[in-house]
Participant: 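Below you'll find the structure I mean.
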There are 2 protein chains.
Amino acid sequence: MLKIAKLTDYGTLVMTTLALEPAACLNAQELAARSHVAAPTVAKLLKLLVKGGLVVSTRGTHGGYRLARGAETITVADVVSALEGPIAITACAQHGGGCTIEGSCTSRSNWRLIDEAVRQALSAVTLAQMAAPRVQTARMYGKTVPLHVFAARE
Amino acid sequence: MLKIAKLTDYGTLVMTTLALEPAACLNAQELAARSHVAAPTVAKLLKLLVKGGLVVSTRGTHGGYRLARGAETITVADVVSALEGPIAITACAQHGGGCTIEGSCTSRSNWRLIDEAVRQALSAVTLAQMAAPRVQTARMYGKTVPLHVFAARE
DNA sequence: CGATACGGGACCGAACTGGTGCGGATTATA
DNA sequence: TATAATCCGCACCAGTTCGGTCCCGTATCG
Ligand code: FES
Ligand code: FES
């Protein structure tokens, strides 16, 4: 279904929860309570997010987690790739993926570009925007898309 | 990994093979040979594509498959949704998806928009363009993306 | 030193994935 | 009408992934 794993969905939720309190150092239980995600799951997610460099952890009593950078500089693409590895829609876009017909595949180079377009769509939304109640939208090809698709990010 | 199933990748390959010969009525074996995909797999794919209304089949001796419409009017999004169901990146974007925290999820409406953006990216590429050796590209946010993202369709 | 909380794994059942097989229906041709 | 070619639907299987839980080691604070 061209789906993002549900875990990733939860991950962004935890991240936005974290983004709402940039100064505080929240522990796993507290985050679970605020995001309404099961506690063990939150713990697992946070481990991955730490390894991905998106949040920093403090151990010991009164330990917890904080965002590693400002919420405006963390994109959805960052979260996704931290939780599910590099973004690659086509299994065999990355060569060496074990595709048997790699040599004769005519459409791989085109897939690669679609890949890039999707990556852009995900990179265009920041955590700060996810935390806001609603993203501003605009019209494009007669359909509604997130406004920031048009805004250049430095 | 935010991946499209490998089967879907094969599916587009079969479709482009079909698109190269719009007039002919090719059977499953012939398509397998031309696309270099295993024969049983091709057969399975074609059944799904027929059900999705993207190709039409002719039974009996000298039967086979043809595209249901012109290659310019079939998009990658069509193929993907025929093979893996409706495009929905977030598992719980469609309500009733069984998400337990649906009520308190703050980011679902934003995910929906990202969803739409991805859908647009896939809809912007037609089979005819996939069949061509290389898609024309342009620069956007300083990165390379398919040119047709800018062109209005039909 | 003891309580708190992160860290890294191992682990499990359920679901999905890619791939194969077979009997039945449909059509062209001899 | 008989036969061969071809699609159709479904059932089946092994391997992997996914969501989720548990446990024990380690670091920090008081
Ligand atoms: S490279 Fe694997 S199908 Fe194109
Ligand atoms: S609705 Fe399921 S996580 Fe947002």
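Order of the sequence lines fixes the chain letters, A, B, ..., with proteins taken first and strands second; residue numbering starts at 1 for each chain.
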Participant: Could you check whether any side-chain heavy atom of B/Tyr10 comes within less than 4.5 Å of a side-chain heavy atom of B/Leu45, counting everything from C-beta outward?
Facilitator: yes
Participant: How many angstroms lie between CG in A/Leu26 and OG in A/Ser35, if you round to the nearest 0.5 Å?
Facilitator: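 The OG atom of A/Ser35 is 10.5 Å from CG of A/Leu26, to the nearest 0.5 Å.
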Participant: In whole Å, I'd like the distance from the OH atom of A/Tyr10 to the P atom of D/dC18.
Facilitator: 15 Å
Participant: Give me, pair by pair, the N or O atoms of the protein and of nucleotides 6-8 of chain D that are less than 3.5 Å apart, along with how far apart they are.
Facilitator:
{"residue": "D/dT6", "atom": "O4'", "partner": "B/Gly60", "partner atom": "O", "Å": "3.4"}
{"residue": "D/dC7", "atom": "OP1", "partner": "B/Ala28", "partner atom": "N", "Å": "3.0"}
{"residue": "D/dC8", "atom": "OP1", "partner": "B/Ser57", "partner atom": "OG", "Å": "2.5"}
{"residue": "D/dC8", "atom": "OP2", "partner": "B/Tyr65", "partner atom": "OH", "Å": "2.9"}
{"residue": "D/dC8", "atom": "O4'", "partner": "B/Arg59", "partner atom": "NH2", "Å": "3.3"}

Participant: Hey, are the side chains of A/Leu31 and A/Leu18 touching, using non-hydrogen atoms and a 4.5 Å cut-off?
Facilitator: yes
Participant: Considering only heavy atoms from C-beta outward, does the side chain of A/Trp111 approach that of B/Thr12 to under 4.5 Å?
Facilitator: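 Heavy-atom side-chain distance check passes, below 4.5 Å.
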Participant: Starting at atom CD1 of A/Ile4, determine the distance to atom P of D/dT17, rounded to an integer number of angstrom.
Facilitator: 18 Å
Participant: Within the 4.5 Å heavy-atom criterion, are A/Val14 and A/Leu46 side-chain neighbours or not?
Facilitator: yes
Participant: Within the structure provided, determine whether A/Met15 and A/Leu54 are in side-chain contact (heavy-atom separation under 4.5 Å).
Facilitator: yes
Participant: Within this structure, what is the CG-to-C1' distance between A/Leu48 and D/dG20, rounded to whole angstrom?
Facilitator: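 Those two atoms, CG and C1', are 13 Å apart.
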Participant: Do the charged groups of A/Glu21 and A/Arg34 touch, with an N to O distance under 4.0 Å?
Facilitator: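 So A/Glu21 pairs with A/Arg34 through a salt bridge.
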Participant: Quickly work out the A/Leu7 CG to D/dG20 C1' distance and round it to whole Å.
Facilitator: 8 Å
Participant: Which whole-number value in Å describes the distance from B/Lys44 NZ to D/dC12 P?
Facilitator: 14 Å
Participant: CG of A/Leu83 versus C1' of D/dG19: gap in Å, rounded?
Facilitator: 13 Å
Participant: Pull out every stem in DNA chain D, meaning runs of 3 or more consecutive Watson-Crick or G-U wobble pairs with both distances under 3.5 Å.
Facilitator: C:1-30 with D:1-30
Participant: I want to check something: taking the side chain as every heavy atom from C-beta on, are A/Asn110 and B/Gln129 in contact at a cut-off of under 4.5 Å?
Facilitator: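 No, too far: nothing below the 4.5 Å cut-off.
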Participant: Quick one: A/Asp9 CG to D/dC18 C1', roughly how many Å, whole number?
Facilitator: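 Taking atom C1' of D/dC18 as the reference, CG of A/Asp9 is at 14 Å.
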Participant: Quick one: does B/Gln29's side chain get under 4.5 Å of B/Val42's, heavy atoms only?
Facilitator: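 B/Gln29 vs B/Val42: side chains apart.
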Participant: Let me know the distance between CD of A/Glu84 and C1' of D/dT16, rounded to the nearest Å.
Facilitator: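 Going from A/Glu84 (CD) to D/dT16 (C1'), I get 16 Å.
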